[in-house]
Amino acid sequence: MTVADVDSALSRGYEALATGDWAGAREAFEEAVAASDSPEALDGLGRALWWLRDERAAIVHRERAYAGFRRDGDLARAARIALWLSREYALVFENDAAARGWLRRAERLLNDVAPGAEQGWLDLARSESTRDAEQAAELAASALRVALETGDADLELRALSQLGLSEVSLGRVDEGLEHLDEAMAAVTSGEPSSLETFADVCCLLMLACERAGDSERPQQWSTVLEEFVRTYDHVTLLAFCRTCCADVYAANGRIDAAEEELVAAIAELTGAGQRSRCVNPAARLAEIRVLQGRFAEAEELLAGFEDEPDALRAAVLLRLARGEPAAAWALLEQRIAELGPENVLAAPFLELLVVARIQDLRTEPARAAAEALSVLAEQPARERIAAMAALARGRVAASQGADRATSLLQDAVNGFAALGLRLDAARARLDLSRALAGDSPDLAVDAARRARNELEALGATRAADEASALMRSLGAKGRAGPRSVGLLSRRETEVLRLLAEGLSNRQIAERLFISPKTAEHHVGRILGKLGLKARSEAAAYAVRNLEAE
Amino acid sequence: MAEDVKDLVRSYYDRVINGRDLDAVGEFFTDERLVEGVRRGGFSYLQAFPDLHVSVDDLIAEGDRVFCRSTMTGTHDGEYKGIPATGRHIAAESAEVFRIADGKFVGYWCLANVAGLMRQLTEEPVPAA
């Protein structure tokens with residue numbers, strides 16, 4: 001291979017990285033490494049491997065690239081790689097000693113580098129590694145200043161989203177989410193930035209929304225994201241973080257799709273001995289298991305990290321579902337005290353506290369928690385919290401048999417529905433139905449039926465069963481025993497529909513943003529469940545049995 | 001109406017007991033003997049448990065009555081019914097009925113778990129494992 005060949009391999013590699021063709025990038029950089037072993041080639045190969053989710057190999061190659069750049073005297077690039085390594089060790093492998101070591105290396109190298117964008121990258125890394133949110137915000141702001149001075153677009157967007165996340169952690173939620181929205185707008189509009197930056201900004205947005213209990217935002221961005229991914233043909237891009245992907249599905253009320261992503265995410269992470277970059281997928285899946293009434297599995301998922309902040313919500317939901325409200329409210333009170341009740345981050349916990357207190361026949365503390373939630377909802381642009389507060393006050397009123405319960409609960413249903421939060425709306429409707437049962441049984445049956453249909457469609461089995469039971473107690477025909485949604489899961493039905501359209505596994509995978517392997521797996525299960533031998537038989541079955549959408 | 005009478009009970013605990021304003025007892029009760037009795041009782045409990053806090057767990061209103069279930073918590077830092085301070089943390093539940101007329105308490109009945117409270121103060125502590 002000549003020097004020109006190596007150069008051409010490198011530029012093909014960069015081109016592939018920029019367009020999200022990770023396999024192509026790996027191939028090109030492997031060629032370049034075989035020919036020259038240059039730090040450039042090793043670095044590119046490391047980046048491609050990272051996208052292909054081989055984080056360990058990525059680290060090995062980039063560590064070699066680091067050594068190469070140092071040897072060649074390119075301290076700035078060596079420092080950039082050191083910062084990346086520090087982050088990977090901390091985030092994915094929980095190896096704090098290695099993370100600190102690489103951060104020190106970068107600091108030392110940058111002592112000998114003229115001030116420039118690298119100083120900003122260093123501030124960003126420091127911001128990410130500190131546990132003190134105030135300090136994290138200051139460092140992110142400093143990185144942002146450097147980015148604007150040096151015109152480094154990647155640094156600017158990364159620093160902006162890190163600033164946003166720090167602000168959310170400090171309780172300055174509206175300000176923080178605004179910064180994250182700005183960064184998201186920039187990365188999805190194709191402003192010059194690398195796909196790594198795109199991935200990071202998405203991750204931080206998800207994490208911030210998780211902390212803020214804001215599930216409408218990921219939902220709003222998901223449409224933009226899917227469009228972006230389609231335009232740029234980056235099928236693999238949304239799969240970079242299955243947990244985030246699951247969050248998007250869950251926000252849209254597609255619980256079975258979220259479940260599928262989470263199961264795969266946990267298997268992958270466990271297999272690789274890694275942890276999630278953002279939200280803990282086991283905690284997320286445990287919440288879904290509670291919704292499905294699969295308590296033992298939820299408990300198993302939470303075993304070992306029940307006391308971690310990540311797992312609190314799932315742990316509380318499990319206790320409530322099992323009828324252990326005192327244990328649930330004790331956990332919640334502790335967390336709310338840590339956050340401060342006037343902190344908007346406490347809102348989702350206050351909502352649960354109301355449920356736990358009512359279940360424990362302590363309506364006065366329930367009322368106080370609902371009041372605290374109402375106070376939080378008074379700020380502008382807090383529609384979701386306002387709906388949560390209406391639900392909480394409605395539940396308190398219902399527990400005291402007060403007349404205003406129905407109008408408050410109706411407000412909650414309307415509020416959630418207007419925000420497109422289908423699961424929340426359906427659960428509020430179930431509460432409304434209970435409150436109506438005494439005075440207006442006909443309206444109650446109607447509300448329970450609507451709640452049941454919606455909950456069933458969303459995969460919230462347990463609440464759907466509650467709605468059925470309520471219908472039966474009101475004299476209507478509710479389904480007894482386990483619900484039947486047909487032989488196929490919703491996702492499998494979706495796959496069957498596409499199969500009947502004559503799509504190949506690869507095309508189905510692209511349409512549903514899943515891997516071809518997963519699509520193949522679905523097709524296999526569909527054939528097995530339906531007792532069919534070939535795709536053509538399945539297509540014929542679909543034509544006969546599936547209603548048109 | 002039901003909320004108004006419940007509010008009266010809430011503000012009584014907020015001000016008189018948790019707010020340490022025994023002088024305000026007279027604003028809530030009409031009967032002089034009741035005022036005196038509640039004041040004396042409150043005083044002795046605050047002496048025995050200086051950080052006394054009463055949290056109202058449940059209120060049920062019907063007609064002119066409010067039923068109140070509450071929990072008092074505090075640290076035993078003064079003499080209580082002849083038992084010198086033990087420094088122990090206590091919690092005891094009470095059930096009370098308030099009868100209300102013209103925005104004041106005209107009748108009061110209380111059943112507190114004093115036996116449970118005494119047990120918490122006198123029981124041999126369980127040795128630490």
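Order of the sequence lines fixes the chain letters, A, B, ..., with proteins taken first and strands second; residue numbering starts at 1 for each chain.
Although no hydrogens or angles enter the test, the distance criterion places no donor-acceptor pair under 3.5 Å between the side chain of A:Ser433 and the main chain of A:Arg429. Here the side chain of B:His76 pairs a donor or acceptor atom with the backbone of B:Thr86 at under 3.5 angstrom. No donor-acceptor pair under 3.5 Å is formed between the side chain of A:Ser440 and the backbone N or O of A:Asp442.
For a heavy-atom cut-off of 4.5 Å, chain A lies close to no residue in residues 103-110 of chain B. The stretch residues 42-60 of chain B places B:Val56, B:Asp57, B:Asp58, B:Leu59 near chain A, each with some heavy atom under 4.5 Å from a heavy atom of that chain.
In this structure, A:Arg434 pairs ionically with A:Glu466, as a charged nitrogen and a carboxylate oxygen lie closer than 4.0 Å. With respect to the salt-bridge test (charged N to carboxylate O, under 4.0 angstrom), the residues A:Glu364 and A:Arg367 qualify. Using a cutoff of 4.0 Å between basic side-chain nitrogens and carboxylate oxygens, A:Arg322 and A:Glu299 are scored as salt-bridged.
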Q) Can A:Asp411 and A:Arg393 be said to form a salt bridge (Lys or Arg N to Asp or Glu O under 4.0 Å), step by step? A) CA-CA 11 Å; A:Asp411 285 352; A:Arg393 292 176 57 210; over 6 Å; no
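Applying the side-chain hydrogen bond (donor to acceptor under 3.5 Å, both in side chains) definition to pairs two or more places apart or across chains, those involving residues 332-355 of chain A are A:Glu333-A:Arg357.
B:Asp14 is linked by a side chain to side chain donor-acceptor pair (under 3.5 Å) to nothing, counting only residues two or more places apart in sequence or in another chain.
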